[in-house]
Amino acid sequence: MSCVNVIEKDRNVIINPLKTCQPLGAMFAVTGINKGFPIVHGSQGCSAFVRYGFARHFREPSEIAVTALHEDAAVFGGRTNLVSGIENLALRFDPDVIGIITTCSSEIIGDDVYGFADTARGNLKEKLGEAADKIEIIPINTPSFVESHYKGYDNAINALVNHLARKDEPNEKVNIIPGIINPGDIRELKHMLASMDTDGIFLTDISDPFDAPLRPSKTKEIPYYPKGGTTIDELRDSANSLGTVSICKYAGSGATSLEREHKVPSAIETPPIGIQNTDQFVRNVSKFTGNSVSEELLDERGMLVDSMADNAARYLYGRKVAIYGDPDLTTGMARFVGELGMEPTMVCTGVKYPDFNPDMEKISKESGSDIDVLYGQDLRAVEVYLKENPVDLLIGNSDGRLIALDLDIPLIRMGFPVYDRVGYQRQSVLGYRGGLYLMDLITNTVLEKYYEPTHWKLQQ
Amino acid sequence: MSCVNVIEKDRNVIINPLKTCQPLGAMFAVTGINKGFPIVHGSQGCSAFVRYGFARHFREPSEIAVTALHEDAAVFGGRTNLVSGIENLALRFDPDVIGIITTCSSEIIGDDVYGFADTARGNLKEKLGEAADKIEIIPINTPSFVESHYKGYDNAINALVNHLARKDEPNEKVNIIPGIINPGDIRELKHMLASMDTDGIFLTDISDPFDAPLRPSKTKEIPYYPKGGTTIDELRDSANSLGTVSICKYAGSGATSLEREHKVPSAIETPPIGIQNTDQFVRNVSKFTGNSVSEELLDERGMLVDSMADNAARYLYGRKVAIYGDPDLTTGMARFVGELGMEPTMVCTGVKYPDFNPDMEKISKESGSDIDVLYGQDLRAVEVYLKENPVDLLIGNSDGRLIALDLDIPLIRMGFPVYDRVGYQRQSVLGYRGGLYLMDLITNTVLEKYYEPTHWKLQQ
Amino acid sequence: MPYKLLEVDKKIPQRKNHVYVKHCSDPDDEIPDCNTKTVPGSMSERGCAFAGVKGVITGAIKDVIHVVHSPIGCTSYGYGTKRYPTTPDMPNGEKFPIENFNLKYILGTDLQESDVVFGGMKKLKKSIIEAHKEFPEATAIYTYSTCTTGLIGDDLDAVAKEASEELGIQVVAFNAPGFCGPSQSKGHHVGNLTLFENLVGTKEPLETTPYDVNLIGEYNIDGDLWIIKEYLEEMGINLLSKFTGDCSHDEICWMHRAKLSLVRCQRSATYIADLIEEKYGVPYIKVDFFSTKYCAENLRTIGKYFGLEEEAEKVIESRMEKVAPEIEFYKSKLQGKRVFIFSGGPKSYHLSKPLEEELGMETVAVASQFEHKDGYEKMKSRVKEGTLIVDDPNSLEFEEIIQVYKPDLILAGVKEKYLAHKLGVPCLLIHSYENGPYMGFEGFVNLAKDMYRNIYSPVWNMLEFEEEPAVGENTEVQEDSSEKQENKPENTGELA
Amino acid sequence: MPYKLLEVDKKIPQRKNHVYVKHCSDPDDEIPDCNTKTVPGSMSERGCAFAGVKGVITGAIKDVIHVVHSPIGCTSYGYGTKRYPTTPDMPNGEKFPIENFNLKYILGTDLQESDVVFGGMKKLKKSIIEAHKEFPEATAIYTYSTCTTGLIGDDLDAVAKEASEELGIQVVAFNAPGFCGPSQSKGHHVGNLTLFENLVGTKEPLETTPYDVNLIGEYNIDGDLWIIKEYLEEMGINLLSKFTGDCSHDEICWMHRAKLSLVRCQRSATYIADLIEEKYGVPYIKVDFFSTKYCAENLRTIGKYFGLEEEAEKVIESRMEKVAPEIEFYKSKLQGKRVFIFSGGPKSYHLSKPLEEELGMETVAVASQFEHKDGYEKMKSRVKEGTLIVDDPNSLEFEEIIQVYKPDLILAGVKEKYLAHKLGVPCLLIHSYENGPYMGFEGFVNLAKDMYRNIYSPVWNMLEFEEEPAVGENTEVQEDSSEKQENKPENTGELA
C-alpha cells in the first residue's frame, strides 16, 4: 500500500521560510476591496516589505499605509500614530474601507486598536460630518508571532464579514473565499461562475487591483487607485447569498461565521486544481444555486481530459515531483500531479494544519504514490531532502529557484511569490482551463529537459 | 535610415522548405466546415501526409478522403476513382459539403473534376433521392506545382464562397477569413467579436474541428465528427454580411469575390498580432458594424500595454530576432517584435507575395531596425544566414528546431507545424491577449537564456 | 463465415474479403485479401510509394543527400518524419560532420508549372549539383521520382548518371512515384531493388571477420537497432552492414561480403536479402527480436549458426535477469487487457503472441496497412480463434472494431491515435513508438511500460463529469489505482 | 518661498518643510527637513532599521550566516532581496564552498506566542548552534534584533557571547529593531558600529602592500564593485577590504591595516570610516564613481594619493576610448529629457549633474528616502535653480510631482515603478538597477542605455487606442522612432 511519511522539522532554526507573518495575509485581503486601504499598525518595514513583495510578484503598485511606530510608541503606546494615521489616510485617500492591521509590535505594546479606531471615527466625524459615516474602519488582529500569513488572511476575511455582512433580502449569489491566489485565478473563477449563470461575491477580489490595465486616460489619479475589488455593498450583501464556497480550506472562518450568523451554508474545500477538485467546485456551486453545469464548462473539462489522454501517459507517467508552498495550492497540485499519472513523492508546506496530512493520505492512495510530507518545514528542508531523494520536477514559488538551479531540477513556478519570470500572476492554475495551462507548462518543461537530449523522440 | 535588404534564393534546389503545396491549404479550409469533408483527388500520400501533419500539430483526428489514384488512372484518367470516391464518402459519412481537391496528378492527367462532380451528383440523386440535394459538392483546383499551401487555402475559400454565398436579407454579421491559424487564434477572434457585440461568419472555422473535447458520452460516432465548424447556412449567408475582414493578406480572393458579386465591403489586412495590428482589426470591425470598441477590449489592450511597459525596455530592448514562416504571421510578428523594442533583423518567408517586402519596409521604418528579408527562401537559407548573423531569438515553427539547437539560439515556437512541444494550437497569438501570451513567452525565454546565468539579476 | 462485412461497409461491400475472423476449420490459405487498391473515398491510413522508399527505406541512412524531384509538397512531407536517429560514426572510423544529417535536411526541386510543361530534368540536374555544393561531406545523392515527374516522364536515371559522372560521387535515382502500387509497400520494393542494383557489390569492406552479418530491415526506430547491435556484438558478431538503420551508404555497397543476412522487417526488406542470396550466395534467416521469447530464440538461432551458442546464452541470461521481474510486474497489470494491434506492416504478427503469452493480454484484433499474403499467413497463425484480422482498415471500420471488440488499448499510428481517444480508448503509437526502443529484452519492457502507462493513466477514470458522484467519490479511493504501483519496479532502461 | 506645501499635503501640512524648491538667494543651509519620523498613514517608501542593517550592510557579505531573531515575517522578508552577487573567492585563496551563499540562505528563530511571553533567548541560542551545524563552512554568525525581540527585551549580545564561546566562531549581534530610528538609515548606523566594535582590529591580513585600501560603502549592486575593483587593481591598488560588497567576514576584521579608506556610499558607511580613522588613524576620502566625469576625477584623486597618477590616466583613457562614442549617441537621444530621481540615499546627488552635463538631460526633481542633512546639502548644491528637492516623498506627492513636473523618466524603486507606469511615465529601477552595473565608465553607459530604452520603448507611443487614427497612422511612420536607432552603436559592456 502506498503510504504517507510525515517528516516534521527537527531543528529550532528556520532556514528559508515557506511562510510569512499574519499581516501580509490581511493586507492582501483588504487590497481586494474597492477603495479599501490597509493601514498597518507597526514599523515602516511591516508595510514596506509587503509592498515590495506585492510589487515584484504582481508587478503593480499597492497602496498600503503604515503608522510608522518608533521608540516612543514602544514606551507610550501607538495611540497617536494610529489615530492620526487613520485620519491622514481617510482625509487624503477617500477610502470606503480602512483595515487596521496589527503587528507584533502593536500586539506586544498592547494597543487597544478597537478603542483607537473609535477615537479616529469620532475625529473624522468632526472633520467630515456625514461623509465620515461611509468610511468603514475595521480592526483586524494579526499578531505576527501567531501562525502565518494564512491566519492573517483568514482573520481579515472573518473580520470583514463580521463587521460588514448584514442580513437583508436574499440574493442569488454565491460567496467565494478565494484564498491567497492570483488575479488570473480569480478571473477563471469568475468565468466558471458566469458560465453557470451565477454571480459571485468574492471575499475579497484582488483581480483588478493587482492586474490593472495601463490606460492613463482612464486612470484615477491623486489618489491613484485601480478599478475593481469587492465593493462595500457586496461585502454587506454577503449575508444574503445562497452559499459560501471557500476554496481555501485553511481560511474558512468567514464562511463559518456567515453560516453561523446568517445561515448562509458553506463548503470549505481544496482549491479547484485539476479535474476532480474542479468537479467538486462545480458541484458545490451547482448545489447552492441549483444551476446545472454548462456545456461550455463541460467542453473545457473535455479539452483538459483530451490533452491529459494525449500527454500524461506518453510524457509524464511515473515522473517524480516535489511540491512546496502554501498548504491549499500544494494539496490541489499534488492531487492534479497524481491525476496526470506522476508521483508527488514530496510535498512540503511551511505551516501546520490538521487537515493537511489526511489530505495527503487520500492523495497517496489515489495516486498510488508514497508521499513524504515535509510538514511545517522550510525550503532548506526541501533542499536537503532532494539531495538524497532526487525528483524529476520541482513545483513551487521563486524562492526555490537557487535550489532548483543547484540541483539541476526544472522548477515549475507556482504560488507566491514568482519574481524571476513574468506573467504568472495573470495565469490561472484553477479550473479546467487552469489545468490545461499547468499541464502544458509541466509537459513542455519535461520535453525541454528530458526529451530534447534525444530530440528525435520529439519528431512524433 | 533603417533599410530593408531583400535576399532572394540563389539556387534551384530547395532545402528544408517553408511551404508546402496547395492541397494542404484546401484541406484545412474544408475541415473548417460543419460536416465538411475534403476528398483529395490524387495518390494516397496526398491525404496521408496531410492527415499526419494535422494530427501531430493539432493532436486531433482529421477525416480526409482520397481517391487513391494509381497507375491505371495515369493512363485512363481518374474518373472512376473520383466518382466512386464521392459516392462512397457521401453514402458512408452523411456530409453537408464535399470539397474536391485536385493535386499535381489529377491536374496533369487533365481530369474534368467539374464533370465528374456532376456525374457523382447524378448517381447520388439516383441512390438517395431528395437527400442528395443537401450535399454540396464543390470542386477546388489546387495544382501542387503552382504557388503554395496559401494559394490552396485562398482557392478553397474562394470556391466555397463562389459556390455557396447567396444574396438574401442583410444580416448583422461580419465575415472573417482567418487564414491558416490555430483553434486558439479563432477563439480569440470570436472573443473579440463577441466583446464588440458582433457575430462573425468564419470562412472557415477550424476551432472546434481541430480542438475538440474528449467527451465520449457526447461524441458522434460512426462516423465520428467533431461539433463546430462553419455551417453551410452560414456559408450561404456570407453574401449578406456587413463586411468581410480577411486577416490573411494573402488569402483575400474570397473577400474580393463577395465584394464584387454581393457588394459586401472588404478589408484585407495583416493578422492582428501586437498592438497596432489588433487596433486596426478592431477599427475594421467597428467600421463595418458601427459598434464601438468595448471597455473589455480596451482593458485587455491596457493590460498588454502595462506589461510591455514593464518588460520591453527592461528585458527585450534591442535584442535581435529572426522570424521565419508563413508571410502573414511573420509580418504580424515582425511588427510586434518592433513594438517590443526588439529588432526583427531577419524575416524569412518561403513564398513570394508582392505586398510582403513593402510591409517589411514599413516595419523597418517603424522599428528603426534594418531587416534582411529572405524572400521566397527556405530553412537552409535561414541556417546559413544565422551562422554569419547571430541573433538572440528565433521565432518560427518546429521545423527549425534542429537549427536552433545547433546554433544554440532559443526557438519561440509559432506557426504551423509545432510538434515538439504541446498546447501551442490552443493558444492565440492574435489580439491583445495573444500579445500578452507572446510577450510572456518571449520574455521568459529571454530570462531563462540570457538572465539566468547571472541569476541575481532576477532577484528584482 | 470467416469473412465479415462490417456494418460500416454496407455501401462498399468489396471490403468484405479484407475482413477475416479466424476460424480453426478454415484452410490455411484463407486470409484477408491484401495488397490491392484501396477503395476510393474511404479513409484508409495508407501512404504512397514515395513514402515507402524515402520515409521507410532510405531516410535512415546517415550520410546521403535526398533530392525529391517534385512539386513542393512531397519534399515538405518527406522532411525528417520518422524517428531514425543516427550516430556520426562512419565505417572508416571517422565522424560524419553533421549530426543526424538524415533527420536534419531534405532537398527538392520545387517544380513549377513551367517545369511540368517543359520537363524538369534540367532543374533536377542543377539541383543535384547544387546539393553537392551545399553538402560536400555527403557520400552520395539519392533522388526520387514522384507523381508529377512520373506523369511528365522525366528520366531520373539519365539525370543521375550524368550528374554522377560530373560530380564524381554516386547519384542514385529511385523511381517510385506516389501513385505506383497500392500502398507504401511498393516503395519498399523499389528501394530494395534500386539499392541492390546500384550499390551492392560495388565496394569492398575495410576488413572482414568470420562473423560478419547484414542486419536487414532494421531502421533503428527510436534506437531499436542499437539494442540489437549490442547483443550481437556481445556475442562476437560483427554488423558488417545495416540496412538501413544508422547505416552509411558504403555499408550497403559491401553487403555481398557478409556471411549471413538477418532479415528483421520481413515486409520491407526480404527483397534485398533474396537478391543478395541469389546473386552472391549469402544465405539469410528471418529474425524477430520483439519480446523476450522471440528475441532469445532468434539470438540462439544466430548463435548456433556461428557456433556462438554460449555467447548467445550469456546475452540472454544477463538480459533476462534484468527484465524478468519488470515483465512479471507488468504482466500482473496487463493480464486480460484486450488489445487491437493496427500496425503498418508486420508488427501485428510480431506482437500478437508475445502480448498474450508474456503479458497475459488478449489480442482481439490485428490489422495492417500494407502487409502481403505471407504476412497475413503469419498473422493468422499467431492469433487465436475468433480474432479479427483486417487488411487496410479505414476509419469507419476502426470505429466499428472499437465498438464491437471493445479493446482496452490500441497500438496504432498518430493518425489513428486521436480518433481512438475521442472514443475513449487509449492508443499507443506503435510505428515510431512513444518511449522506445521497443525491441529486444529491454525494449519489450519499454513497450510493456508504455502499454501499462496508457491503460492505467488516471484520466480514463475521469472521462465524464458526474453531477452526483458515488457517495464519497471525493474521498474514497479506487482499489485499482491505489494498488497499481504497489510493486512497481524502479525505472530502468528508459532512454527518455 | 523655497518650501512648498504640495496640494496633496493640505491635510498634512507638516510635510511642507520636507519639500523644497531650490532658489539661489536662499542661505545654503536651507534644505528640506530630513531624517525625521514619517507622517503616519502616508504612503512613505521607507523601510525599517532591520532592513537597513541586514538588507543593506551585512547582506552583501559572502561567508556569514544570518539568524534573524523575529517572528517569521522579518526572516522571510530578509531573504535575498538585493542584487548582491558574490564570488566564492576567500582572502586566503580558497573558495567558499557554497555559491552566492549570501543570496541563498536566511535563518530565523520563527518566534511564537510562547516565546514572546517567556522570552526568546534560549531559542535564539539553540538556533545559532543549529545554524553552525547546518553550515559549518560559514566564517561567522550574525544575529539580528527585531521589533518583537526589542520589545520583549531579549539580550542578543549575551546570547552571542555565549554561543561564540561555545562554537568557537564569532557570533555578532546587531541591535537594530525595525522601530528604531526614522528609516533604514538607523540600521546602517547600527551595522557600522557593530561591525567596527566587534570585528575591526581583531585580525591581521595575510599580507599587506603599500597600496592597500578599504573600499567602504560599496555593496556590489549588480556587479558595481567588480567594475571599480578592476580599475583600482589596474592602477596597482589593492583592495585589502571591501565593506561590504563581495567581502568576507575576515576582511572587515583587518580594515585597520589599510593605508586609506575610500567611502563610496557616504550615507550608509561614513560612520565606520570615521571610527577607523579615529581609532587607527587610517585616513579616508569620499569617492564617487557614478558617471565618467566623477569616476575619472576620483580615480585621479586616488592615483595622486598613492603616486599612481599615470596609472590612473591609463585606466581613464582606455575606458573613455571605449565609452565616449556610446555616451555621445545616448546624449543625442536623451538631450532635454526631464528626469526625476528618487533614490534611497545618495544617488540623487550622484546622478543629478552627470545626467545633465554628460547626457544633456534636465533633472527636474530629486528626492531621497532617508538622506541626512549632509546629503541634502550636496543634493542642493548639484541641482539647478527651480529643481524640486523632496525628503521622504509619499505616494500622493509622487503623483503630484509627476503631474506638475512632467518628467520623461523617473529613477526610483520597484514600489514606485508601477505607479509611475500607470500614470504613463517610464520608471527605471535605480536601487538594484535593471541592466547594471551602473557604476564606472561602462556602468554609466549601461545606465544611459537603460534610460534610453525606457524612454524610447515604443509602447509609450501606443498608450491609448485611437478610434480614428491620424490619416495613414497605420502606414506612416513617426520621425522619432524611425530615426532612433539610426546611429545606434553595437551593444557593448552588457552583462545580461
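Computed from a predicted structure; not experimentally measured. When reading the values below, keep in mind they use all heavy atoms of this one structure, side chains included, and skip hydrogens, waters and symmetry mates. Chain naming here is simple, since letters A, B, ... match the order of the sequence lines and numbering starts at 1 in each.
Contacts between A:Glu295 and chain B at a heavy-atom distance below 4.5 Å involve backbone atoms as well as side-chain atoms. Residue A:Ala55 does not touch chain B at all, counting heavy-atom pairs closer than 4.5 Å. With a 4.5 angstrom heavy-atom cutoff, A:Glu300 does not touch chain B via any of its atoms. There is no contact between A:Arg433 and chain B, counting heavy-atom distances below 4.5 Å. Looking at A:Leu441, neither its backbone nor its side chain comes within 4.5 Å of chain B, counting heavy atoms on both sides. When heavy atoms are compared at a cutoff of 4.5 Å, A:Arg301 does not approach chain B at all. Residue A:Tyr437 does not touch chain B at all, counting heavy-atom pairs closer than 4.5 Å.
Open room surrounds NZ on B:Lys218; 12 or fewer heavy atoms of other groups in view lie less than 6.0 Å from it.
Separating the CZ atom in B:Arg215 from the CG atom in A:Leu298 is a distance of 4.5 Å, to the nearest 0.5 Å. Note that CD of A:Glu452 is 6.0 Å distant from CG of B:Asp420, once rounded to the nearest 0.5 Å. Taking CG of B:Asp310 as the reference point, atom CG of A:Leu214 lies at 10.0 Å (rounded to 0.5 Å). Put simply, CZ on B:Arg59 and CG on A:Asn311 are 5.5 Å apart, with the number rounded to the nearest 0.5 Å. In this structure, the separation between NZ on B:Lys227 and CG on A:Asp299 is 3.5 Å, given to the nearest 0.5 Å. Rounding to the nearest 0.5 angstrom, the gap separating the CG atom in A:Asp211 from the CE atom in B:Met303 is 4.5 Å.
Ranked by non-hydrogen atom pairs under 4.5 Å with chain B, the options A:Asn444, A:Leu304, A:Leu447 are led by A:Asn444. Per-residue heavy-atom pair counts under 4.5 Å with chain A were compared for B:Leu436, B:Val422, B:Leu458, B:Thr443, and the maximum is reached by B:Val422.
Judged by distance alone, the side chain of A:Arg56 and the main-chain N or O of B:Gln459 form a donor-acceptor pair under 3.5 Å.
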